[in-house]
Asks: 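Would you mind keeping the following structure in view while I ask a few things?
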Amino acid sequence: MFEIESKNQDEIIITTKKTSIKFNIASALIDARLSVGKIAGPGEFEIGDVTVRGVATKSDKTIYDAEIGGVHVGILGPIEEGLDDIVADILCTSSVRSVREIEPKLIVAMGNADAMVTDLKLSARTEKKLKVKNLESLPTTKEVVILS
């Protein structure tokens, strides 16, 4: 089980029993309070019980795939390139194009959620934190979650 929360439109925080990881899309930094400091850029990292894969895009931005207990969480923000390299059950983005190309089960809206909901013609719900038990607990139809 893990939780996803957001303090602002550029940050996603994933918390498990063993660790808490903050992804900042604007600065492309991962902060897991490691002794080596923050992680930047592409690569594969094991942080507690989370496997993080950073994928470089053509414009030198980084998109992330965090795998927790078999659930893949894509963290893109507004980035619309490198989408072929991401498979996500949950997608944290503000890009309608990325939702259409990746086809996640659940979308965490970053940025203008109203426009995303209208363009995708989906329902939305607002949560303080999104709690995910496992892959089977995700909705069977696509839905948008707005983290407040």
Asks: Roughly how far, to the nearest 0.5 Å, is OG1 of Thr93 from CD1 of Ile25?
Replies: 8.5 Å

Asks: Sequence neighbours left out, what passes salt bridge (Lys or Arg N to Asp or Glu O under 4.0 Å) with Glu11? Give chain and number order.
Replies: none

Asks: Search all heavy atoms of Ser95 against all heavy atoms of Glu80 and return the closest pair with its distance.
Replies: OG-OE2, 2.7 Å

Asks: Looking at every heavy atom in both Thr62 and Gly41, which two are closest together, and how far apart are they?
Replies: OG1-CA, 3.6 Å

Asks: If you take all heavy atoms of Thr19 and Ile47, which pair is closest and at what distance?
Replies: CG2-O, 3.6 Å

Asks: Does any part of the side chain of Val132, heavy atoms only, come nearer than 4.5 Å to the side chain of Ile90, both counted from C-beta?
Replies: yes

Asks: Kindly give the heavy-atom pair with the smallest separation between Leu147 and Ser6, and that separation in Å.
Replies: CD1-N, 3.8 Å

Asks: Got more than 12 heavy atoms from elsewhere within 6.0 Å of CG, Asp60?
Replies: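 Open.
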
Asks: With a 4.5 Å cut-off on side-chain heavy-atom distances among I, L, V, M, F, W and Y, is there a chain of contacts connecting Val96 to Leu122?
Replies: yes

Asks: Return a table of donor-acceptor pairs under 3.5 angstrom between the side chains of residues 64-78 and protein atoms on other chains or two or more places apart.
Replies:
unit_1 : atom_1 : unit_2 : atom_2 : d
Tyr64  : OH     : Ala28  : O      : 3.0
Asp65  : OD1    : His72  : ND1    : 3.1
Asp65  : OD2    : His72  : ND1    : 3.1
Glu67  : OE2    : Gly70  : N      : 2.5

Asks: Can you list every pair that meets side-chain hydrogen bond (donor to acceptor under 3.5 Å, both in side chains) and has a residue in residues 41-50, with sequence neighbours left out?
Replies: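 Every pair satisfying side-chain hydrogen bond (donor to acceptor under 3.5 Å, both in side chains) with a residue in residues 41-50: Thr16-Asp49, Glu46-Thr51.
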
Asks: Does anything in residues 130-147 pair up under side-chain hydrogen bond (donor to acceptor under 3.5 Å, both in side chains), and if so which pairs, sequence neighbours excluded?
Replies: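 Qualifying pairs, neighbours excluded: Arg125-Glu143.
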
Asks: Side-chain heavy atoms nearer than 4.5 Å, only ILVMFWY residues, links allowed to pass through others: does that put Val145 and Leu135 together?
Replies: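 Yes, it is one cluster - the side chains of Val145 and Leu135 are joined through contacts under 4.5 Å.
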
Asks: Mind listing the side-chain donor-acceptor pairs of residues 99-106 below 3.5 Å, one per line with the distance, residues two or more places apart or on another chain?
Replies:
unit_1 : atom_1 : unit_2 : atom_2 : d
Arg100 : NH2    : Asp119 : O      : 3.0
Glu101 : OE2    : Arg97  : NE     : 2.8
Glu101 : OE2    : Arg97  : NH2    : 3.4

Asks: If you apply the rule side-chain contact (heavy atoms from CB on, under 4.5 Å), what do you find for Leu130 with Glu3, and how did you get there?
Replies: CA-CA 5 Å; Leu130 175 65; Glu3 295 177 345; over 6 Å; no

Asks: Would Ser148 and Thr126 count as having a side-chain donor-acceptor pair, cut-off 3.5 Å?
Replies: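 Not at all, the side chains of Ser148 and Thr126 share no donor-acceptor pair under 3.5 Å.
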
Asks: So how far is it from Ile63 CD1 to Cys92 SG, rounded to the nearest 0.5 Å?
Replies: 12.5 Å

Asks: Is the closest basic N to carboxylate O distance between Lys129 and Glu127 below 4.0 Å?
Replies: no

Asks: Grouping I, L, V, M, F, W and Y whenever their side-chain heavy atoms are under 4.5 Å apart, do Val52 and Ile13 come out in a common cluster?
Replies: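 No, it is not one cluster - the side chains of Val52 and Ile13 are not joined through contacts under 4.5 Å.
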
Asks: Roughly how far, to the nearest 0.5 Å, is CG of Asp31 from CD1 of Ile21?
Replies: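 It comes to 10.0 Å.
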
Asks: Look up atom NZ in Lys22 and atom CD in Glu5, then write down how far apart they are to the nearest 0.5 Å.
Replies: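 That separation rounds to 10.0 Å.
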
Asks: Nearest 0.5 Å, what's the CD-OG distance between Glu81 and Ser59?
Replies: 3.0 Å

Asks: Starting from Leu138, can I reach Val87 by hopping between I/L/V/M/F/W/Y residues whose side chains sit under 4.5 Å apart?
Replies: no

Asks: Excluding sequence neighbours, so at least two apart, what forms ring pair (Phe, Tyr, Trp, His ring centres under 6.0 Å) with Phe2?
Replies: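 In terms of ring pair (Phe, Tyr, Trp, His ring centres under 6.0 Å), with neighbours along the sequence ignored, Phe2 is linked to no residue.
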
Asks: Taking a hydrophobic cluster as the set of Ile, Leu, Val, Met, Phe, Trp and Tyr residues connected by side-chain heavy atoms closer than 4.5 Å, whether directly or through intermediates, do Val36 and Leu29 fall within one such cluster?
Replies: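 No, separate clusters.
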
Asks: Test Asp85 against Leu83 for side-chain contact (heavy atoms from CB on, under 4.5 Å), laying out the working first.
Replies: CA-CA 5 Å; Asp85 296 320; Leu83 303 179; over 6 Å; no

Asks: Considering all heavy atoms of both residues, which atom of Ser20 and which atom of Thr15 are nearest to each other, and what is their separation?
Replies: OG-OG1, 3.5 Å

Asks: Quick check: closest heavy atoms across Ala88 and Leu91, and the distance to 0.1 Å?
Replies: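 So the two residues come closest at CB-CD1, 4.2 Å.
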
